[in-house]
Amino acid sequence: STAAEKKRWTLNDFDIGKPLGRGKFGHVYFSREKKSNHIVALKVLFKSQLKQSQVEHQLRREVEIQSHLRHPNILRLYGYFYDQKRVYLILEYAAKGELYKELQKCKYFSERRAATYVASLARALIYCHGKHVIHRDIKPENLLVGAQGELKIADFGWSVHTFNRRRTMCGTLDYLPPEMVESVEHDANVDIWSLGVLCYEFLYGVPPFEAKEHSDTYRRIIQVDLKFPPKPIVSSAAKDLISQMLVKDSSQRLPLHKLLEHPWIVQYADPSG
Ligand SMILES: O=C(O)Cn1ncc2ncnc(NCCc3cnc(NC(=O)Nc4cccc(Cl)c4)s3)c21
């Protein structure tokens with residue numbers, strides 16, 4: 001690990017700039033480390049809220065997991081520090097912000113853009129799974145965009161080392177695969193399901209199992225009630241890929257390395273990523 005991990009940081013080491021966003025547990029600020037002039041995003045979390053929501057162990061696990069991850073499509077967590085009331089996460093700054101805002105703005109993405117994002121995410125997940133880390137919370141809200149338009153997976157607050165698989169329910173319903181909705185044992189294949197849900201949402205602008213009531217979303221997920229709307233027009237190659245990822249039996253889902261060889265990815269994804 002680099003010097004950044006070892007140093008004892010304090011708030012005085014940073015110039016704090018504009019707020020970038022408001023999360024449930026606190027705000028994120030555009031910031032600059034004074035000595036190096038390095039731009040970072042500083043996430044400020046209130047200890048009181050962490051304690052109240054009993055997520056301290058999750059936060060510790062995230063910092064531990066993230067300190068070992070180095071990948072162009074994974075947002076870096078350089079380090080953390082705390083004071084009396086707050087915990088501060090020192091994060092890589094993603095200059096183009098949150099992907100879901102971009103998705104809301106243009107409703108849905110072109111096949112080229114969707115395939116390029118899906119390929120980047122698959123490479124990042126292959127890297128994570130290679131280190132026995134599953135993210136478990138892949139959704140547009142946890143995806144950020146770097147200065148060159150590259151995708152960054154953020155917020156490993158729900159990730160785990162697969163040695164100690166958890167049964168805790170986590171994240172929004174839309175992205176949960178059947179085995180997590182039925183809260184049975186789950187493995188790295190949960191991220192393949194979520195990537196399939198994400199690919200569908202990139203192309204259609206809505207997640208595949210969306211429903212008014214939670215109970216309806218549950219049922220649609222467990223039954224894999226997958227339908228492709230007539231509009232927008234989407235290639236059959238894309239539908240084929242999504243259908244191979246949204247499979248109830250997690251062992252039958254298309255493995256991530258096979259995804260990178262799928263005709264839709266080969267045809268549409270930008271090799272630059
Ligand atoms: O600020 C925005 O809304 C958008 N934005 N725009 C640009 C930008 N550049 C970098 N980061 C941003 N946001 C922070 C992304 C995160 C990364 N890692 C996290 N981890 C976490 O929150 N963990 C955590 C919290 C509370 C409890 C527990 Cl258990 C775990 S949040 C940015």
Side-chain angles (χ1 to χ4, degrees), residues 4-5 9 14-33 36-83 85-105 117 120-121 124-125 127-128 133-161 164 166-172 175 191 194 198:
E5 262 86 32
W9 295 104
F14 300 91
D15 288 319
I16 310 296
K18 64 176 167 117
L20 289 169
R22 282 149 186 68
K24 182 178 164 221
F25 291 88
H27 298 172
V28 187
Y29 297 90
F30 181 85
S31 307
R32 182 179 54 207
E33 198 277 315
S36 64
N37 278 334
H38 190 74
I39 296 297
V40 296
L42 208 58
K43 177 147 188 177
V44 183
L45 303 161
F46 287 91
K47 284 182 177 177
S48 55
Q49 278 189 323
L50 293 170
K51 208 178 293 304
Q52 194 180 354
S53 314
Q54 294 158 356
V55 292
E56 298 102 313
H57 69 284
Q58 261 178 251
L59 183 59
R60 259 182 229 108
R61 187 169 57 213
E62 172 181 5
V63 172
E64 159 63 23
I65 286 176
Q66 274 271 43
S67 61
H68 297 92
L69 298 180
R70 299 272 189 291
H71 188 277
N73 299 112
I74 294 176
L75 193 86
R76 284 291 310 283
L77 194 160
Y78 298 116
Y80 72 101
F81 57 96
Y82 47 84
D83 60 20
K85 290 208 183 84
R86 289 164 287 256
V87 177
Y88 303 85
L89 300 180
I90 310 167
L91 297 159
E92 173 187 358
Y93 170 58
K96 291 196 171 160
E98 297 171 284
L99 184 70
Y100 87 89
K101 283 186 181 158
E102 181 63 23
L103 185 53
Q104 277 174 340
K105 205 165 65 183
Y117 285 158
S120 304
L121 288 166
L125 290 172
Y127 172 82
C128 288
V133 170
I134 45 181
H135 188 281
R136 295 198 312 173
D137 202 11
I138 300 292
K139 59 187 178 191
E141 291 77 4
N142 287 342
L143 301 176
L144 296 170
V145 186
Q148 276 74 39
E150 74 280 19
L151 208 56
K152 306 258 177 190
I153 302 181
D155 198 345
F156 280 70
W158 290 100
S159 58
V160 284
H161 270 112
N164 51 354
R166 285 269 177 289
R167 292 164 176 263
T168 42
M169 293 308 288
C170 59
T172 157
Y175 286 77
D191 286 339
S194 302
L198 201 65

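Note that ligands are numbered from 1 as they come in the structure, with each ligand's atoms numbered from 1 the same way.
- Of all atoms in ligand 1, numbered sequentially from 1 with element shown, those under 4.0 Å from a heavy atom of Tyr93 are 9 (N).
- At least one N or O atom of Ala94 sits closer than 3.5 Å to an N or O atom of ligand 1.
- Contact annotation for Leu77 and ligand 1: no heavy atom of the residue comes within less than 4.0 Å of the ligand.
- Close approach of ligand 1 to Leu89 (heavy-atom distance below 4.0 Å) involves ligand atoms 20 (N), 21 (C), 23 (N).
- Under the side chain to side chain contact (heavy atoms under 4.5 Å, CB included) test applied with Phe30, the options Ile39, Asp15, Val40, Leu42 reduce to a single match, Ile39.
- When each of Glu62, Glu56, Glu64 is checked for a side chain to side chain contact (heavy atoms under 4.5 Å, CB included) with Arg60, only Glu56 meets the rule.
- Per-residue contacts place Ala41 under 4.0 angstrom from the following atoms of ligand 1 (heavy atoms of the residue considered): 9 (N), 10 (C), 11 (N).
- Each of the atoms 27 (C) of ligand 1 lies under 4.0 Å from some heavy atom of Leu50.
- Within 6.0 Å of OH in Tyr80 there are 12 or fewer heavy atoms belonging to other residues, nucleotides or ligands.
- Within the structure, the closest approach of Asn142 to ligand 1 does not fall below 4.0 Å when heavy atoms are considered.
- For ligand 1, the atoms sitting less than 4.0 Å from at least one non-hydrogen atom of Ala154 are 17 (C), numbered in the order shown with element in parentheses.
- Between Phe81 and Phe14, the angle of the ring planes stays under 30°, which puts this pair in the parallel group of the 30/60° scheme.
- Gln66 contributes a side-chain N or O that, together with a main-chain N or O of Leu75, makes up a donor-acceptor pair within less than 3.5 Å.
- Contact annotation: for Leu91 versus ligand 1, heavy atoms closer than 4.0 Å belong to the side chain alone.
- For ligand 1, the atoms sitting less than 4.0 Å from at least one non-hydrogen atom of Gln58 are 29 (Cl), numbered in the order shown with element in parentheses.
- With Glu92, Lys152, Glu62 as candidates, the residue nearest to atom 10 (C) of ligand 1 on a non-hydrogen basis is Glu92.
- Residues Lys47 and Asp83 approach most closely at NZ-O, 2.8 Å, considering heavy atoms.
- Considering only heavy atoms from C-beta on, Leu125 comes within 4.5 Å of Ile153 through its side chain.
- The main-chain N or O of Pro72 is found under 3.5 Å from a side-chain atom of Lys152 such that the two form a donor-acceptor pair.
- For ligand 1, the atoms closer than 4.0 angstrom to any heavy atom of Lys43 are 22 (O), 31 (S).
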